Amino acid sequence: MRNLERDTQPVYIARFARLEAQEIDGRLTGKNVPVRTAPALFWPSVSMTRGEAQGAYFGVNLDYDRVITIADPGFEASEADVLWIDAEVGDLGNPSPHDHIVKKVARKGGYTVIAAKRVEVRR
């Protein structure tokens, strides 16, 4: 009953691809920056901010704001991925900053459940 079509909403996910050396003005900075795939659309059920009923999936000490439920136990997600839940993604080739990060992924029965944390990202 979690993923009825009327309870789903559009969410975008950009998956981690690799780390790349950061360059500024042609010079290496010594920092590595993550490179992610283009944002991909999926339709999960997203909880309201911090639902306690879902807390058993991830324990009580994990700091997260939203629970995302996908009716696919094989849905690919990891802790290095980013999400657009409340923010507009904009142009898929040059997306706007994401508004959530994946904190934890759990698979239970026929579902994949993701704990997401809200973040402020500036360009």
Side-chain angles (χ1 to χ4, degrees):
M1 297 294 280
R2 291 174 190 239
N3 279 61
L4 294 175
E5 190 172 322
R6 69 173 183 239
D7 295 334
T8 61
Q9 73 180 60
V11 175
Y12 285 87
I13 184 169
R15 293 178 173 92
F16 176 81
R18 65 186 180 284
L19 286 175
E20 205 169 77
Q22 183 182 40
E23 277 188 42
I24 296 178
D25 298 328
R27 300 182 72 149
L28 293 174
T29 64
K31 294 182 181 179
N32 291 325
V33 292
V35 175
R36 293 188 170 87
T37 62
L41 175 66
F42 68 107
W43 290 81
S45 175
V46 180
S47 75
M48 299 304 285
T49 302
R50 188 60 181 207
E52 289 301 319
Q54 307 298 329
Y57 291 121
F58 308 108
V60 293
N61 292 330
L62 183 66
D63 184 25
Y64 63 96
D65 296 315
R66 307 287 284 275
V67 176
I68 301 167
T69 307
I70 305 107
D72 177 8
F75 184 81
E76 292 292 328
S78 72
E79 284 80 9
D81 298 341
V82 296
L83 303 163
W84 288 261
I85 297 175
D86 298 321
E88 293 292 324
V89 72
D91 178 25
L92 294 179
N94 186 20
S96 61
H98 58 276
D99 65 338
H100 286 78
I101 59 171
V102 174
K103 290 292 280 189
K104 191 76 172 167
V105 179
R107 289 169 177 44
K108 180 164 173 71
Y111 293 97
T112 299
V113 184
I114 299 172
K117 175 73 176 162
R118 182 159 180 75
V119 292
E120 296 291 328
V121 179
R122 296 186 188 115
R123 274 208 185 218

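This one's a predicted model, so the numbers in the text were calculated from it and none came from an experiment.
- A donor-acceptor pair is defined here as one N or O able to donate and one able to accept, closer than 3.5 Å; no such pair exists between the side chain of Arg66 and the backbone of Arg118.
- Placement of Val121 and Val82 within a single hydrophobic cluster is found when ILVMFWY residues are connected by side-chain heavy-atom separations under 4.5 Å, directly or transitively.
- The side-chain heavy atoms of Pro39 and Leu92, taken from C-beta on, include a pair separated by under 4.5 Å.
- Judged by distance alone, with hydrogens and angles left aside, the side-chain atoms of Arg15 form no donor-acceptor pair with the main-chain N or O of Asp81 at under 3.5 Å.
- The shortest distance between side-chain heavy atoms of Leu83 and His98 does not fall below 4.5 Å.
- Panel note: side chain Thr112, backbone Ile70; no donor-acceptor pair is recorded below 3.5 Å.
- Taking all atoms of both residues into account, the shortest heavy-atom contact from Phe42 to Tyr12 is CE2-C, 4.1 Å.
- Ile114 and Phe16 end up in different hydrophobic clusters when Ile, Leu, Val, Met, Phe, Trp and Tyr side chains are linked at under 4.5 Å.
- Closest approach of Pro44 and Val11 over heavy atoms only: CG-CG2, 3.7 Å.
- Listed here is the closest heavy atom pair of Ala21 and Leu28: CB-CD2, 3.9 Å.
- Arg36 places no side-chain N or O within 3.5 Å of a backbone atom of Ile13 that could act as its donor or acceptor partner.
- In this structure, the side chain of Asp99 engages the main chain of Asp86 through a donor-acceptor pair within 3.5 Å.
- Heavy atoms only, all atoms of each residue included: Pro73 and Gly110 are closest at CD-O, 3.4 Å.
- Ser96 places a side-chain N or O within donor-acceptor distance of the main-chain N or O of Val89, the cut-off being under 3.5 Å.
- Minimum interatomic distance between Glu79 and Lys104 (heavy atoms only, all atoms of both residues): OE2-CA, 3.5 Å.
- Looking at heavy atoms from C-beta onward, Ile68 lies out of side-chain contact with His100 at the 4.5 angstrom threshold.
- Within the 4.5 Å cutoff, side-chain heavy atoms of Trp43 are placed close to those of Pro10.
- The minimum heavy-atom distance linking Ala71 with Tyr111 is given by the pair CA-CD2, 3.8 Å.
- Within 6.0 Å of the CD atom in Gln9, the count of heavy atoms belonging to other residues, nucleotides or ligands exceeds 12.
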